[in-house]
Amino acid sequence: MDNISPAHEASCSTGPAESTATGHTSAELSATDLETQQFNTVCEILRRNNNDPARLIPILQQIQKEYRYLPEEVLTFIATPLRLRPAQVFGVATFYSHFALKPHGKYTIRLCDGTACHVRRSTGILNALYERLNVDEERKTTSDQLFTVETVSCLGACGLAPVMLVNEKVYGQVTPEKALEIVEEIIVKEKQA
Amino acid sequence: MDNHPTLTLNGRTVSIRGERNLLEVARQAGIDIPTFCYHSELSIYGACRLCLVDIEGRGIVASCSVAPEPGMVVRTHTEEIRELRRISLELLLANHEQSCTTCAASRSCRLQTLCRRLGVEKVRFHRTQKERPVDHSSVSLVRDPNKCILCGDCVRACTEIQNVGAIDFIHRGAETTVGPAFGKNLAEGECVNCGLCATVCPTGALTPKPEIDAVWRDLNDPQKTVVVQVAPAVRVGIGEAFGLEPGSIETGRLVAALKALGFDQVYDTSFAADLTVIEEATEFLQRKAAGERLPQFTSCCPSWVKFAEQFCPEVLPNLSTCRSPQQMFGALARVTLPETLGIDPENLVIVSVMPCTAKKYEAKLPKFQTGGRPDVDHVLTTQELAVMIEEAGLQFRQLEPQSMDMPLGFKTGAGVIFGASGGVTEAVLRFAVEKVTGVRLSRIDFDEVRGEGSVREATISAGNTTLKLAMVHGLRNAHDLADKVARGECDYDLIEVMACPGGCIGGAGQPVPKELQTRAQRTSGLYQADKGLQLHKPQENHLVAHCYQTCLGDVGGHRAHELLHTTHQNRRRINSRGLTVLGQDNNSDKLKVTVCLGTGCFLRGSHSLLNALTERIQQHGLKDRVQVSATFCFEACDRGPNVRMGETSLFRCTLDSAWDAILKELEATPVA
């Protein structure tokens, strides 16, 4: 949370969970209300899942939707009502590559680097993204918290290779130029917002 | 021939007698199938793939995970199986840091043993794993991920037997390691230092932290007078390091070895255990008479105390306030020995030899210091002492037995049986029953409280009083009982808790047991040692009585309390940042309100309190002046829900009391 700049907090929309928690819509929220609302959402997520430790994975997914990653203090917090130890929660959170333990940007770009995409030169796209956004394999998220660039091993759309995923949206037959276009579009849209 | 169903094992007919898997059947038949991850006391994991067997018609399977069936035809060392096992070992060795000659676990390493047994002569694969940092943070244990083979024994022991869950598997695939939450080190988490993980670890990935060098330094310093106390369980464990039978009573040779190493005086922790019994039983009888803070939990196991401080804050008042025998000894020795030995207090070094890794942690607690110096300077485990004896070249088996030094080496059998599960209870009974009835107790043995079960209970009549007792080992069992106590569901008077299986004799500092029955043999050794002594009741220890006359005053009196008792504090489980819930910014003028969401406070409704408080602050438009956050423990769990406001702590906080305090605080501070 500490790392999210106010501009993004205010517009961060992450599904229906948050508005049911406080009765506010995202637009009405001021910057500092976000943490209250996020915390309430976590509580609501726990309640909806009956504090059931067997539902840890869906709980983590829902929390990640809210925070865009799994903050350590939230994992520590949920361990108690779930009757789990923080080490167990952390173990599950680190097992699945889908879970992020560092803050993700508002837009997560998942570039496929599976066999089909790789032979169709996904590496060039990756390098173009790295260069444009000033990120790399270690530091995956831009300093303005707008983008996170990751590679995945297969998106199951090899016919469209190379494939790129921006949040939930799939782009096929991507070229470095096309990838940069998509990124520029988002940057412009965010500036206007 | 019996009527049990049978199967064929390597061409032999073998009975199935209710064993839960083929591996156990083979063991019963005298075949020790190699394994890393199978422990009969833990759940079955099936990860190491060494216990492979060939079942006719089924092929090769892991014998730990297959239930025996009548008529099965099983072979345990076919060519194919031999090859598979060797490859598994080779692959494990590829990434295993092979610093075997300098490894602390060298004498008990199962990886070494199995490589030797299975004839692995060469490792064809290169190491692909990067060197990982070794965790030296804990005062009790060293965690070296480079030696871990991911069998998961430690994870299951920590969770299943101790219910601590301080470590788990993190990451996956080639990145997998075993470690505490959030990549923290052991000292920052919930670890209670019991060392069960080190006992079950087949390699040197988890080992007791040695203090040998510090002890040698003091022994070799001519200015220092180094005295040592030896815990009861050590005498029945040390022999195993020198090829003697488990449970053989080696008190005499132990003393001789310690003297030969250069210790000036050799004393017995059992002396302090006698003292502990008198204090603890007196405390118990007072509580029983007053009918308060019952059941009384014992407090001599430092792992249990830390566990209760972290996980069972509601029963902390029920814990005996007595220090453990090690710390009673330390405090008493610090005060009396300089005069007894005619030495400068500065030059007195107090060492203990313990079967336990948690005693290292206990000795370093700030509350057990006198004048800024720990009452016990160094704690050695039985294993470490064995290493020192070997280093000095002493032929342990040839040593001429010697006796302990007086006065702190004198003990009764009550102080000796302390080392076995049920022993503390029995020692307390030997004192308490006589005290309650006022009649000399002719019966010494209380067989009712002895046994191996991990949860046992007994009822003993003493005159008109009936005492309901429970003895548990394993902290999961203790936690269950503590929960029942907190819910008012059980009516025990006294609950003895030992973290380690079988009590201190099964401690992590002892030589690693080779067989399951080792613990029972050590226990029986302790009861034998009790029989071999002339006195069995702590109240018969005239040197303890003398100690009260000259130094301690009355039993349970003021001076005794100063030296022999302590307080237990709530302890934060994990070192983790808090969570800001409302009004976070960098404005330092804001009133900072922090609500605890740790286990104790959570159960007392701190969560709803936090929500209600946040809502009210928002309703009154005060979020510009107040910042609300959640934290995970103020270490005052008995008075929860806890709220901190600036520098002030509010205990048993309600919405109204918190709100009043906030308004008051805001009135006092002018708006900026």
Pull out the residues in residues 129-136 of chain B that come under 4.5 Å of chain A, heavy atom to heavy atom, sorted by number.
-> none
Is A:Pro86 close to B:Glu190 at the side-chain level, that is, under 4.5 Å between some pair of heavy atoms?
-> yes
So which bits of residues 474-483 of chain B come within less than 4.5 Å of chain A, counting non-hydrogen atoms only?
-> B:His479
Applied to residues 158-170 of chain A, the salt bridge (charged side-chain N to carboxylate O under 4.0 Å, His left out) test, sequence neighbours excluded, yields none
When the 4.5 angstrom heavy-atom criterion is applied to A:Leu101 and chain B, the contacting part is neither
Can you establish whether the number of heavy atoms outside A:Arg139 located under 6.0 Å from its atom CZ is more than 12?
-> yes
Evaluate whether atom CD of B:Gln619 has more than 12 neighbouring non-hydrogen atoms of other residues, nucleotides or ligands under 6.0 angstrom away.
-> yes
By residue number, those in residues 159-170 of chain B with heavy atoms under 4.5 Å from heavy atoms of chain A are B:Thr159, B:Asn163, B:Val164, B:Gly165, B:Ala166, B:Ile167, B:Asp168, B:Phe169, B:Ile170
Decide if atom CD of A:Glu137 counts as having more than 12 heavy atoms of other residues, nucleotides or ligands within a radius under 6.0 Å.
-> no
Taking all heavy atoms of A:Phe90 and all of B:Phe182, pick out the closest pair and write down the distance.
-> CD2-N, 3.1 Å
Residue A:Val92 versus chain B: region with a heavy atom under 4.5 Å | neither
What about B:His607 and A:Phe77, are their ring centers closer than 6.0 Å?
-> yes
With side chains defined as the heavy atoms from C-beta onward, is the minimum distance between B:Thr176 and A:Phe95 less than 4.5 Å?
-> no
Would you sort out whether B:Leu597 and A:Phe39 count as a side-chain contact (heavy atoms from CB on, under 4.5 Å), showing the intermediate values?
-> CA-CA 12 Å; B:Leu597 288 180; A:Phe39 181 74; 3.6 Å; yes
Output the distance between atom OG1 (B:Thr614) and atom CG (A:Asn40), rounded to the nearest 0.5 Å.
-> 7.0 Å
Is B:Arg156 atom CZ crowded by more than 12 heavy atoms from other residues, nucleotides or ligands, each under 6.0 Å away?
-> yes
Return yes when atom NE2 of A:His118 has more than 12 non-hydrogen atoms of other residues, nucleotides or ligands closer than 6.0 Å, and no otherwise.
-> no
If you count the non-hydrogen atoms of other residues, nucleotides and ligands that lie under 6.0 Å from NZ in A:Lys178, is the total more than 12?
-> yes
